[in-house]
Amino acid sequence: MEFSKEQLFDFYQTMATCRAFESRVSELFAAGKIPGFVHLSLGQEAIAAGVFACVEKDDKCGLHHRSHGEMIAKGGDINKMMAELFGKATGTCKGKGGSMHLADMDMGLLGANGILGAGFAIAAGAAFACRYNETNDITLCLFGDGQSNRGPLHESFNVAALWKLPIVWICENNGFGLSNPVKGHLATDNVSDRAAAYGMPGVTVDGNDVLAVYETTQEAVKRARRGDGPSLLEFKTWRWHGHFEGDPGLYKDPKDQEEWLKKDPIPRLGNMLIKKKYATQEDLDQMKAIGEAKIDAAVKFAEESPWPDASELYTDVYDRQL
Amino acid sequence: MEFSKEQLFDFYQTMATCRAFESRVSELFAAGKIPGFVHLSLGQEAIAAGVFACVEKDDKCGLHHRSHGEMIAKGGDINKMMAELFGKATGTCKGKGGSMHLADMDMGLLGANGILGAGFAIAAGAAFACRYNETNDITLCLFGDGQSNRGPLHESFNVAALWKLPIVWICENNGFGLSNPVKGHLATDNVSDRAAAYGMPGVTVDGNDVLAVYETTQEAVKRARRGDGPSLLEFKTWRWHGHFEGDPGLYKDPKDQEEWLKKDPIPRLGNMLIKKKYATQEDLDQMKAIGEAKIDAAVKFAEESPWPDASELYTDVYDRQL
Amino acid sequence: MQMTYAEAIRDGLRVELKRDPKVYLAGEDVGPFGGCFGVTAGLFDEFGPKRIVDTPISENFIVGHAVGSSACGLRPVVEVMFDDFITVCFDEFANQAAKVRYMFGGKAKVPMVCLTINGAGVGAAAQHSQSLEALLTHIPGLITVIPSTPADAKGLLIAAIRDDNPVIFYEHKQLLGVSEDVPEGDYTVPIGKADIKREGSDVTIVAWSWMVQKSLAAAEELAKDGISVEVLDPRTLVPLDKEAILKSVGKTGRLVIVQESCKTMGFGSEIAAIVAEEGLDLLNAPIIRVAAPNTPIPFSPVLEQEYIPSVEKIVAAVKSLF
Amino acid sequence: MQMTYAEAIRDGLRVELKRDPKVYLAGEDVGPFGGCFGVTAGLFDEFGPKRIVDTPISENFIVGHAVGSSACGLRPVVEVMFDDFITVCFDEFANQAAKVRYMFGGKAKVPMVCLTINGAGVGAAAQHSQSLEALLTHIPGLITVIPSTPADAKGLLIAAIRDDNPVIFYEHKQLLGVSEDVPEGDYTVPIGKADIKREGSDVTIVAWSWMVQKSLAAAEELAKDGISVEVLDPRTLVPLDKEAILKSVGKTGRLVIVQESCKTMGFGSEIAAIVAEEGLDLLNAPIIRVAAPNTPIPFSPVLEQEYIPSVEKIVAAVKSLF
Ligand SMILES: Cc1ncc(C[n+]2csc(CCOP(=O)(O)OP(=O)(O)O)c2C)c(N)n1
Ligand SMILES: Cc1ncc(C[n+]2csc(CCOP(=O)(O)OP(=O)(O)O)c2C)c(N)n1
Ligand SMILES: [Mg+2]
Ligand SMILES: [Mg+2]
């Protein structure tokens, strides 16, 4: 596949922005500015960048609990996201959701989910609505390797395949479900080995190669839009940090960690851009700087935003006061 | 595989007894003698007969909601079973369980289950115990095609394969989940297509051929006992009656029904016995009569048994009165 | 027009299916089969497979998909075949449907309805007879509707489908065949308004679903002894018409709550607690809860009859207050 | 010996793992990682992989397998990482573990324990902060243990593991680090016996788990105003030490119930109902429930603090009775 310079720059910019966002969040968490559980996908940015370049604004997407990157890649408002992580009134969810419940229905982002596996059926329902409404929209559903062992996957994969729903199932296999390595939780080598059980295509791809991620997703998205039904994509990657911020990740083999750090998807694309003479180091630095600047602005926005009023506790439970 | 005359007679006798039991239950239900939901497996007797000839008394078995035949084949007490269906104090479960909750822990029968899919994990737990206790026992788990779409299947199949638990998963594919035909609920052609998702062997076999059922199960049981882990067996058959007694089964194509009635597993084995000169028609009639006599005795036992005392309502909730 | 409770529900579904193309019905065997209890009979022929959708046996999918499709603008009515099975998709109600609006800061809504059915007395034993309507009332974000008459059932169902919050709608096996005059066409019964099913001055009975009938029968008995009973049917548990209850107790000075559920933590506990908090001065006598005992539901008819709160027990409870 | 609540639980596990080879621990990340909150740290090294079993993220399996393994003679202790996730395996508790003994006429037992953890106040938002201990108390057949101190936690856990009924054991995030003197070695705290955590004569506060601490702090405050508060900790909700509650209310004439759960249908409803039924004459004032509001748990710290029942709210509630 041939990529335009613009496309490649877009990939790079998205990854750089995701990286900047989460690196900063890590610092802010350590500094006590962000409360609660925060799960970062540092090192996994190629998936967000590659996947979301394949879909349109009206396409839907179900997220899981490690989804800052995806949200940014789908075009979520970074200021509001940061404010949400702070618990401020200006956040994506008015401060009521936090990192684990980021959502933006206007962008088709059906929400992160703190209950692993609950997102499969919700995403299938969104795909059902895409078809019911006779639109051409499709739905993506992102999930981790660990949660691929939850029962609702099976129910939703079966129905989606049976009804040929316009959905793409995307597993971010980052090596672990919390402390449990893939070989400790998965009966087969690959999550994609499960596709055959539902008669759908399944493929495992290098998740640190943004171009491969893009190509693979593009094909599955086209298939879904054509009405040919779901696919299962597995992108193999590695979680750089611990499971949540504060977890030192002692269960990781330092050698593996080192190996994977070398596979950083950002310089990987950067080097290729330079080699192909599409970009200079300055171009890359500039994109990094743009990312950083966005995050600076977002942190400022978040810090200056007001806390929600205590009365907000009681609103949004129902559409009306019962 | 070569079968001895004795083995073949055993198969025949078991099928004849199951047939007699359920035919009588059907009549008793119509006559208002048996309350509640009753699910019969008339026509599916070859599975019970073939499968349970492969296991020992100490092997465990999880049943589902259509399990009279299995219970008989595993050696359950027919008198107590009938009394249970009547709701009498002498029943397998003192009348508290009924058809959907038949159980006999002494025979390793972990119980029928009215919640479809709940049995997968329970059976996996029994298999876990077999191994934990360092016995050579294995566990069978029987289930229908319809409930193969419940999530707990996925969780249990994965863990059983990952841990190589000594279990055999046995799907009785009888064409329908209630009114929904297999092609209306399953994304693939066969339930056994799902085995590969867990890296275990999967096979689909004619469920009306008791010999094939036996051979297939035998192999899987050996594999489990050897410590090589689970297998998924699918036996294709047909439910003669409606889903529950009282359901006329109008959703069945009469042509299909007719075809399958011709495939009755009992005369099929009987004809072979006669052809091979192992048995005369009289032998067969006699086995049928033995089955009938057992059921006569069971009905008498059930009818003459007392109702449970009302105070029984309050016992067996806990090990003590809380 | 004379209609049974089942027909009234079907009529309510028909009104809404006709009025709003975003309304669809999905569940197990709700299509050509017409539902396990015949409630949806004929709808498939009238509205076709796009609107009346038979699903596999996959309750996580059924309820979860409705969260997704309703968040994307549809108005699903789904069915969980028995209340007992709400337990297998409890998360989809408690953590998903109930919380989406709140977690996402009011920027999403989930206008879905789930039909299910309660009730003992048909020999369906421990896993097909429960009345678990109290469980989900503990989870803010859900509405609980539990009608006792055909006219209420139809009007409340239409209101439920038009409501912008997730609603659980509890039918009752023993009420399906009860008939009365039901308004034709389009009307709603307001959610959150109790109905006095019988006026009286000496004691208030609060009861819902089947227990309204039993309470009315008890009231008839008690009238013979000169005790004037007011029977109040809250019709919806969340929101609860607290004012109506306090008003009635203010009038009568005595409160008996009748529930088919197990005594501990049935919804009667909440009603008793509210009155003990906000209406203690109104009471001239202790509150009494007439309830099923804290036992699973036994199969045997003699035990099951002992289990179900009877007219005699209600009469005795009321008399004990005088 | 001085121990934290977390250490006391670990010590209780160690006592039982040593004493009884049938006891094992299974759950997500309970092994080398030591549990999401460090409660099981070190056990894997001490007891090895046969006894301390890391499972995939498969809660249906985790709880369901324990039903099967305990029915086959083992004594599993399983962990569901957060109370919020009990919703994904609710059936395994409500329809399986709870009912096996009864449905099978007393011929099976399920001596399993499930550990899980409650509590808000750590910014974990709507799906990781709930206190849902009330839900399963509605289901007969289960025991609910919910200790508020390290010594109670250890003694109750040992009692729970030795109990022949299924037990749910609720820890609390805010208590894990609380320490006190805990007896060494083997001892039990009886299941079903309340403990007076502070004696008093003017008002009874019934509270459990974290709310005991808050209530004790409130009692301290109130003492300054000359109000003598008795703080009663039921320690187990099922069985509930009704007599102790009625006795205390008999002494003080006033009852305030403090629960961290949402107000509607928290376990305080049951306690209030019991007192309104059996102890109405003892009351000199209305019962008050201090509880969280009927809202999901918000992320933002300012909202979360408003959500959690505070010492001030308890003090104010008590004062309102005088
Ligand atoms: C139903 C459920 N079980 C357990 C958890 C706790 N938990 C949160 S994230 C996580 C690991 C998830 O692993 P994976 O799916 O691979 O995603 P990753 O964290 O690696 O992105 C666990 C066990 C949860 N949130 N929900
Ligand atoms: C969780 C759950 N969902 C639905 C049902 C209702 N139900 C009972 S049997 C049945 C059909 C089962 O089909 P299958 O698994 O093929 O078994 P069969 O009845 O054909 O033997 C249904 C839908 C149930 N008992 N439990
Ligand atoms: Mg992972
Ligand atoms: Mg079937």
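Bear in mind that the values here come from a model prediction, so they are computed numbers and not experimental data. For the numbers below, each heavy atom of this structure counts, side chains included, while hydrogens, waters and symmetry mates do not.
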Please work out which of the three classes, parallel, tilted or perpendicular, describes the rings of A:Trp238 and A:Phe176, given edges at 30° and 60°. perpendicular
Note: vs chain A, highest number of non-hydrogen pairs under 4.5 angstrom among B:Thr188, B:Asp193, B:Asn158 is B:Asn158
Please state whether the side chain, the backbone, both or neither of A:Lys183 comes within less than 4.5 Å of a heavy atom of chain B. backbone
Pick whichever of A:Asp189, A:Asn149, A:Asn190, A:Val159 has the most heavy-atom pairs under 4.5 Å with chain B. A:Asn149
If the plane angle is over 60° it's perpendicular, under 30° parallel, otherwise tilted; pick one for A:Phe157 and A:Phe143. perpendicular
Determine, for B:Lys252 against B:Asp247, whether the closest basic-nitrogen to carboxylate-oxygen distance falls under 4.0 angstrom. no
From the list B:Gly151, B:Gly202, B:Ala196, the residue making the most non-hydrogen contacts under 4.5 Å with chain A is B:Gly151
Would you call A:Asp145 and A:Arg239 a salt bridge, using N to O less than 4.0 angstrom? no
